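The shown structure was predicted, so the numbers you read here are calculated from the model rather than taken from an experiment. Numbered from 1 within each chain, the chains take letters A, B, ... in sequence-line order.
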Amino acid sequence: MDKIRVRFAPSPTGTLHIGGARTALFNWLFARKYLGKLVLRLEDSDIRRSSEDSALGIMDGLRWLGLDWDEGPDVEGDFGPYRQSDRIDIYRKYLDQLIDQGKAYYCFCSSEQLAAEKEAARLAKADYRYAGHCQTISKSEAEERIQNGENPVIRFKSPTDGVLVVHDLIRGEVEFNNRLLDDFIIAKSDGWPTYNFAVVVDDYGMCISHVIRAEEHLSNTPKQILLYQALGWELPQFAHVSMILAPDRSKLSKRHGATSVQEFRDEGYLPEALINYLALLGWSSGEDRDFWTISELIERFSLDGISRSPAVYDIEKLGWMNGHYLSAASADRIAIMLHKEAHRRGFISDHSEDKFIRVVALVKNRVKTINEILNEGSYFFEPVSSYDEKGCKKYFQKENSSTLLKEALKLCQESDFFSVENLEQELRQRAEELNIKAAQLIHPIRLALSGRTATPGIFEVMEVLGKNECIDRINSAILYAESLKSR
RNA sequence: GGCCCCUUGGUCAAGCGGUUAAGACACCGGCCUUUCACGCCGGUAACAGGGGUUCGAGUCCCCUAGGGGUCACCA
């Protein structure tokens with residue numbers, strides 16, 4: 001097999017969409033697996049809609065996911081330039097070639113005229129196809145009109161009969177009838193190529209061996225193949241990956257929540273979790289296996305495993321997976337990610353870095369996203385401002401509540417808070433002496449220290465909080481519990 | 001609407017002519033436990049419908065239905 005070269009070719013008109021990210025991932029895995037090259041190409045031939053910010057955002061998103069490229073706008077390569085806006089001369093050359101060969105022609109029809117024809121076709125319930133008025137305009141006449149300031153588009157002269165078959169690596173052979181095609185536009189009146197023309201020139205020029213892209217491009221493929229043929233070029237292999245759908249099976253859009261990888265990043269998902277989840281959305285190795293490292297994915301990835309049917313993405317499962325990766329991640333790493341916000345909320349001062357990391361270590365195992373960590377662990381850094389209502393009923397308003405809280409207080413006062421193990425031992429021993437269950441002390445302490453009924457292990461919480469803080473908080477709780485009684 | 005693709009539980013998804021039709025998420029029980037989460041055990045739940053082909057069909061073919069894509073001087 002010739003050298004494997006694939007590409008990811010986003011148009012920088014928005015963010016890196018989760019579907020685009022998956023396409024990029026599949027291309028990346030394919031390139032890495034077969035020791036090929038991945039090229040990143042910016043399809044910015046629509047100057048008006050493209051922006052540098054968007055391009056930067058997309059590249060940033062890819063990098064965050066760990067998907068690197070071997071050639072691209074920012075990486076020298078032998079097949080550049082890698083942004084369409086820098087390739088106008090190349091397009092021009094092949095456009096001219098097709099016109100010289102009579103395979104394409106200038107079209108001067110006004111958009112008003114075309115719109116009217118389309119409307120007429122619609123009213124007649126007929127399919128609209130460009131009628132080919134300008135096919136007969138001679139080259140010299142066309143040149144003269146251009147000299148005189150007209151700005152024609154260029155149309156490709158499509159065949160009017162025959163069947164064209166796309167050999168798709170995922171879908172098999174897909175047939176299209178040429179009769180349905182009209183003379184589509186390959187260059188706009190501003191001189192820029194349209195998508196269908198630019199991809200062909202670029203994929204050929206960049207020696208792309210496999211075009212792995214979203215299914216939305218399948219219907220365009222016949223046009224592109226016609227162009228390859230007209231230009232006398234060998235076809236790449238095609239593989240059209242099905243789309244990712246929203247839970248209601250409609251196209252994924254903003255109203256379905258996060259759709260871009262930057263949003264997932266901002267909402268506290270880990271890149272390795274997103275990669276793992278995306279890899280399994282629409283691809284399967286056939287094995288009964290949920291967790292995959294990047295190198296395992298590279299090793300097992302294959303186009304055969306890509307599903308033909310569209311996949312609905314399930315945020316719950318992503319969350320579940322992220323939770324697992326969060327547990328596995330080091331507290332240091334997560335703490336760094338939270339640093340800025342933790343500072344803003346006053347959770348970290350100059351000498352409390354260590355405490356913050358300990359809290360992160362305790363809390364990260366029980367949440368699904370990084371962003372939940374600060375709220376989940378807020379009581380480690382802020383005084384308890386209220387107590388869980390149900391908790392109060394159970395642990396602060398019982399007959400013996402005060403007694404138990406006072407026992408807890410005494411326990412803290414007498415302990416040296418030497419270690420988690422020690423604390424536990426001391427508490428259990430005290431419970432035994434009092435002839436009560438350890439839980440009878442533990443629950444009130446948890447509520448007193450955190451205001452909550454669910455926290456990490458109570459002895460860890462005590463240790464992190466420290467002796468003085470525990471004593472203060474239990475004292476406050478005693479006062480609060482008594483105030484409840486007197487009401 | 002024309003053309004194209006797709007169709008196994010709510011979701012992902014295994015299956016590639018012969019299986020009691022895996023597994024995961026979610027959901028519901030139970031266990032473990034100081035709570036929550038994790039973990040463990042168990043449960044509910046699927047081959048869109050109809051025709052063929054075949055000894056035998058989730059697996060092959062056709063039709064219908066539903067979903068998606070595409071028909072731009074957007075990509």
Visitor: On a whole-Å scale, what distance lies between the P atoms belonging to rA22(B) and rG10(B)?
Guide: 16 Å
Visitor: Whole-Å distance between rC36(B) P and N365(A) CG?
Guide: 17 Å
Visitor: Using atom CG of D314(A) as one end and atom C1' of rC27(B) as the other, report the distance to the nearest whole Å.
Guide: 12 Å
Visitor: Taking any heavy-atom pair under 4.0 Å as a contact, classify R446(A): base, sugar-phosphate, or nothing.
Guide: base
Visitor: Look at all strands and tell whether V174(A) reaches a base, only sugar-phosphate, or nothing, counting heavy atoms closer than 4.0 Å.
Guide: sugar-phosphate
Visitor: Could you check whether G282(A) gets within reach of a base, just the sugar-phosphate, or nothing at all, counting any heavy atom under 4.0 Å?
Guide: sugar-phosphate
Visitor: Looking only at the side chain of F176(A) (C-beta and beyond, no hydrogens), which of the listed nucleotides rC3(B), rG68(B), rG23(B) gets closest?
Guide: rC3(B)
Visitor: Checking all strands, does T455(A) fall into the base, sugar-phosphate, or nothing category for heavy-atom contacts under 4.0 angstrom?
Guide: base
Visitor: Roughly how many Å apart are rA26(B) and rC12(B), using the C1' atom of each and rounding to a whole number?
Guide: 11 Å
Visitor: Would you measure the distance from the C1' atom in rG39(B) across to the matching atom in rA24(B) and give it in whole Å?
Guide: 16 Å
Visitor: Using the P atom as the reference point in each nucleotide, state the distance between rC61(B) and rC38(B) in Å, no decimals.
Guide: 43 Å
Visitor: Please tell me which of the listed nucleotides, rC6(B), rC12(B), rU34(B), lies nearest to the side chain of V312(A)?
Guide: rC12(B)
Visitor: Nearest whole angstrom, please: distance from the P of rG68(B) to the CD1 of I170(A).
Guide: 21 Å
Visitor: Under a 4.0 Å N-O cut-off, is there an ion pair linking K93(A) with D89(A)?
Guide: no
Visitor: With respect to the phosphate group of rC74(B), does any side-chain polar atom (N or O) of K188(A) fall under 4.0 Å of OP1 or OP2?
Guide: yes
Visitor: The side chain of S309(A) is closest to which nucleotide in this list: rU7(B), rC73(B), rC12(B)?
Guide: rU7(B)
Visitor: With a 3.5 Å limit on both atom pairs, tell me what rA45(B) is paired to, counting Watson-Crick and G-U wobble, or say none.
Guide: none
Visitor: So does R308(A) get a side-chain nitrogen or oxygen closer than 4.0 Å to the phosphate oxygens (OP1/OP2) of rG68(B)?
Guide: no
Visitor: Nearest to the K317(A) side chain among rU11(B), rC25(B), rG2(B), which nucleotide is it?
Guide: rC25(B)
Visitor: For R430(A), is there an ion pair with E407(A) - N to carboxylate O distance below 4.0 angstrom?
Guide: yes
Visitor: On the nucleotide rA72(B), are OP1 or OP2 found under 4.0 Å from the side-chain N or O atoms that R155(A) carries?
Guide: no
Visitor: Could you verify whether a donor N or O on one side chain and an acceptor N or O on the other, from D53(A) and S51(A), lie under 3.5 Å apart?
Guide: no
Visitor: Do any side-chain nitrogens or oxygens of H217(A) fall under 4.0 Å of OP1 or OP2 in rC74(B)?
Guide: no
Visitor: Look at all strands and tell whether K437(A) reaches a base, only sugar-phosphate, or nothing, counting heavy atoms closer than 4.0 Å.
Guide: nothing
Visitor: Counting side-chain heavy atoms from C-beta on, which of rU35(B), rG68(B), rG23(B) comes nearest to H443(A)?
Guide: rU35(B)
Visitor: Please check the phosphate of rA75(B) (OP1 and OP2 only) for any side-chain N or O of S45(A) closer than 4.0 Å.
Guide: yes
Visitor: Both distances below 3.5 Å, Watson-Crick or wobble geometry, any strand: find the nucleotide opposite rA37(B).
Guide: none
Visitor: Tell me what Q440(A) touches on the nucleic acid: a base, only sugar-phosphate, or nothing, going by heavy atoms under 4.0 Å.
Guide: nothing
Visitor: I want to confirm an ordering. Mapping P456(A) and S111(A) to their closest nucleotides on RNA chain B, which one lands closer to the 5' end?
Guide: P456(A)
Visitor: Evaluate ring-ring contact (aromatic ring centres under 6.0 Å, His included) for F291(A) paired with Y325(A), printing each intermediate quantity in order.
Guide: CA-CA 9 Å; F291(A) 290 95; Y325(A) 277 100; 5.7 Å; yes
Visitor: Less than 4.0 angstrom from a charged side-chain N to a carboxylate O is my criterion; do R7(A) and E43(A) meet it?
Guide: no
Visitor: How close or far is atom C1' of rC25(B) from atom NE2 of H324(A), stated in whole angstroms?
Guide: 10 Å
Visitor: Using a cut-off of 4.0 Å on non-hydrogen atoms, how would the nucleic acid contact of F459(A) be classed: base, sugar-phosphate, or nothing?
Guide: base
Visitor: If you only use heavy atoms from C-beta on, which nucleotide in rU34(B), rU35(B), rU70(B) is closest to the side chain of N220(A)?
Guide: rU70(B)
Visitor: To the nearest Å, give me how far apart CZ (R7(A)) and P (rA75(B)) are.
Guide: 14 Å
Visitor: Nearest to the E43(A) side chain among rU34(B), rA22(B), rA75(B), which nucleotide is it?
Guide: rA75(B)
Visitor: Which nucleotide sits closest to the side chain of T194(A): rU70(B), rC36(B), rC73(B)?
Guide: rC73(B)
Visitor: Run the side-chain contact (heavy atoms from CB on, under 4.5 Å) check on L303(A) and I212(A) step by step: do they pass?
Guide: CA-CA 9 Å; L303(A) 256 25; I212(A) 304 170; 4.1 Å; yes
Visitor: Going by an N to O cut-off under 4.0 Å, is there a salt bridge joining E424(A) and R428(A)?
Guide: yes
Visitor: Counting side-chain heavy atoms from C-beta on, which of rC73(B), rC74(B), rG2(B) comes nearest to R49(A)?
Guide: rC74(B)
Visitor: Would you indicate what A311(A) reaches in the nucleic acid, counting non-hydrogen atoms under 4.0 angstrom: base, sugar-phosphate, or nothing?
Guide: sugar-phosphate
Visitor: Can you check the R366(A) CZ to rC38(B) P distance for me, whole Å?
Guide: 10 Å
Visitor: Check this for me: does any side-chain nitrogen of one of R473(A) and E469(A) sit under 4.0 Å from a carboxylate oxygen of the other?
Guide: yes
Visitor: Send over the distance from L180(A) CG to rC71(B) C1', rounded to a whole Å.
Guide: 9 Å
Visitor: Taking the C1' atom of each, how far is rA21(B) from rG67(B), in whole Å?
Guide: 24 Å
Visitor: Across all strands shown, which nucleotide pairs with rU19(B) by Watson-Crick or G-U wobble geometry, both distances under 3.5 Å?
Guide: none
Visitor: Any side-chain N or O of S219(A) less than 4.0 Å from the OP1 or OP2 oxygen of rC3(B)?
Guide: no
Visitor: To the nearest Å, give me how far apart CD (E215(A)) and P (rU7(B)) are.
Guide: 10 Å
Visitor: Could you tell me which nucleotide pairs with rC3(B) by Watson-Crick or G-U wobble geometry, both distances under 3.5 Å, or answer none if nothing does?
Guide: rG69(B)
Visitor: Would you kindly compare V367(A) and E316(A) by the position of their nearest RNA chain B nucleotide and give the one closer to the 5′ end?
Guide: E316(A)
